[in-house]
Amino acid sequence: MPELPEVENTVKKLKALNGCLVKGVFLFDPLVLKSGKSYLLKIKGSKIKGFFRQGKYIFCNLSKERCNFYLVIHLGMSGFLAIKEKDDVSDVAEYLRFLLVFNKGFFLAFCDIRKFGKVFITKKPLLTSLGEDPLSPNLTPAKIAYLFKEKKQKIKSLLLRQDLLSGIGNIYADEALWLAGIKPTRLGTNIKEDEWTKLYKAIKKVLQTAIKAGGTDLGDEVVPSGRYTPLVYGREGFPCSRCRAKIVREKIASRSSYFCSRCQK
DNA sequence: GTCTTAACCTGTGGGC
DNA sequence: TGCCCACAGGTTAAGA
Ligand SMILES: [Zn+2]
């Protein structure tokens, strides 16, 4: 469940764990922990101070003996976090990679079928490799133009780059471009001045709408999903809901891109 | 430097 | 039924 809206909703749910004390840590898949292994021992006995998000990364602020650190989780393609009560983790046991045990009988399970997800522990509450968060008030149409307009890459590829804007993935990139009426194959250098504003508005709108809907409906029985139904993503061969032309699929940056070749200019 | 592609991993569904 | 290919919400190293 892993683009910005899904991660944002995960973080909202995780906040129910604020104040919990960590009683135990189980690393079922040692390869999931990429760095900060020396902090692993510190987790036990630490207290949860809060959760926040940067791009698609989830930060869990932990504190122990006045030492502040962060358990950072990236869900990859198929990862999700589930809060469990009692010892009822049987339904997710098959893909369980990491488990935190709290007081009051709560558990936090990190499950991930495809193992693209990762966890690391750090003292820094910020990843400098990531670009601006699309929901940040600092983002403006001029900022997007500044980031993208010199780039000779397809606009879809630019939206997927986390070092420029962090949090947009394959679904919401297509959704935003459809809303903005921009073909995903256009180069950054070929986007017109007024289109940056359209793209800005489309990004904000689709992300906010999807967050309210609890994320995208993936129709997956294992991975939890929300009620946002994509307007163009995954709709190859179906009529465009704006102009009725057939939605086409094309590979861009080795990923499927869905768009309307009639009303996306 | 910039930009593109393929690999990482597991599972599912379609065609033959 | 089995086999092979394409595909899936992401990131990143390697190649051009
Ligand atoms: Zn259309």
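Lettering follows sequence order; numbering is per chain, from 1.
- Between the NZ atom of A:Lys115 and the P atom of B:dT10 there is a distance of 4 Å, given to the nearest Å.
- The gap from the P atom of C:dC3 to that of B:dC8 amounts to 23 Å, rounded to the nearest Å.
- When every heavy atom of A:Gly214 is checked against every heavy atom of A:Arg227, the shortest pair comes out as N-NH2, 4.1 Å.
- A:Cys67 approaches A:Lys123 most closely through the heavy-atom pair SG-NZ, 3.4 Å.
- When rounded to the nearest whole Å, the span between CG of A:Leu75 and P of C:dG10 equals 11 Å.
- A:Glu236 places its CD atom 9 Å from the P atom of C:dA8, with the value rounded to the nearest Å.
- Rounding to the nearest 0.5 angstrom, the gap separating the NZ atom in A:Lys183 from the CG atom in A:Asn190 is 13.0 Å.
- Here the shortest heavy-atom pairing between A:His74 and A:Lys56 reads NE2-CB, 3.8 Å.
- Legend: ring pair (Phe, Tyr, Trp, His ring centres under 6.0 Å) pairs involving residues 19-42 of chain A, not counting sequence neighbours, sorted by first then second residue: A:Tyr39-A:Phe69.
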Distances under 3.5 Å between protein N/O atoms and the N/O atoms of nucleotides 11-15 of chain B, please, pair by pair.
none

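- Only A:Gln162, A:Gly169, A:Asn170, A:Ile171, listed by number, bring a heavy atom of residues 150-174 of chain A to less than 4.0 angstrom from any atom of DNA chain C.
- Nucleotide B:dC9 holds its P atom 11 Å from the CG atom of A:Asp29, rounded to whole Å.
- Closest approach to the A:Phe116 side chain among B:dT5, C:dA8, B:dC9 is made by B:dC9 (side chain taken as heavy atoms from C-beta onward).
- For the P atom pair drawn from C:dG10 and B:dG1, the interatomic distance equals 27 Å after rounding to whole Å.
- Nucleotides B:dT12 and C:dT11 are separated by 23 Å at their C1' atoms, to the nearest Å.
- Checking A:Lys156 against A:Ser257 by side-chain atom types alone, a donor-acceptor pair falls below 3.5 Å.
- A:Thr216 approaches A:Ser225 most closely through the heavy-atom pair O-CB, 3.2 Å.
- B:dT4 atom P lies 10 Å from atom CD1 of A:Ile252, rounded to whole Å.
- Atom SG in A:Cys20 sits 5.5 Å away from atom CG in A:Asn103 (nearest 0.5 Å).
- For C:dT12 and B:dG11, the C1' atoms lie 23 Å apart once the distance is rounded to whole Å.
- Between A:Leu147 atom CG and B:dC3 atom P there is a gap of 13 Å when expressed in whole angstrom units.
- Atom NZ of A:Lys251 is separated from atom P of B:dA7 by 13 Å (rounded to the nearest Å).
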Under 3.5 Å, which N/O atoms of the protein pair with N/O atoms of nucleotides 12-14 of chain C?
residue	atom	partner	partner atom	Å
C:dT12	OP1	A:Lys118	NZ	3.1

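- In DNA chain C, stems built from 3 or more consecutive Watson-Crick or G-U wobble pairs, each with both distances under 3.5 Å, span B:2-8 with C:10-16, B:10-16 with C:2-8.
- For A:Asn9 against A:Ile211, the heavy-atom pair with the smallest separation is ND2-O, 3.2 Å.
- Scanning all heavy atoms of the two residues, the minimum distance from A:Tyr258 to A:Arg235 falls at CD2-N, 3.9 Å.
- Residue A:Glu175 forms a side chain to side chain contact (heavy atoms under 4.5 Å, CB included) with just one option from A:Thr209, A:Leu231, A:Leu207, A:Ile203, and that option is A:Leu231.
- Between the side chains of A:Tyr228 and A:Glu6, not a single donor N or O lies within less than 3.5 Å of an accepting N or O.
- Of the N and O atoms on the side chains of A:Asp112 and A:Ser78, at least one donor lies less than 3.5 Å from an acceptor on the other residue.
- Through chains of ILVMFWY side-chain contacts below 4.5 Å, A:Phe59 is grouped with A:Phe52, A:Tyr57, A:Tyr70, A:Val72, A:Phe120, A:Leu127, A:Leu130.
- Minimum atom distance to the side chain of A:Ser256 is reached by C:dA8, of the listed C:dT11, B:dT5, C:dA8.
- Distance, A:Leu4 CG to C:dT11 C1': 16 Å, rounded to whole Å.
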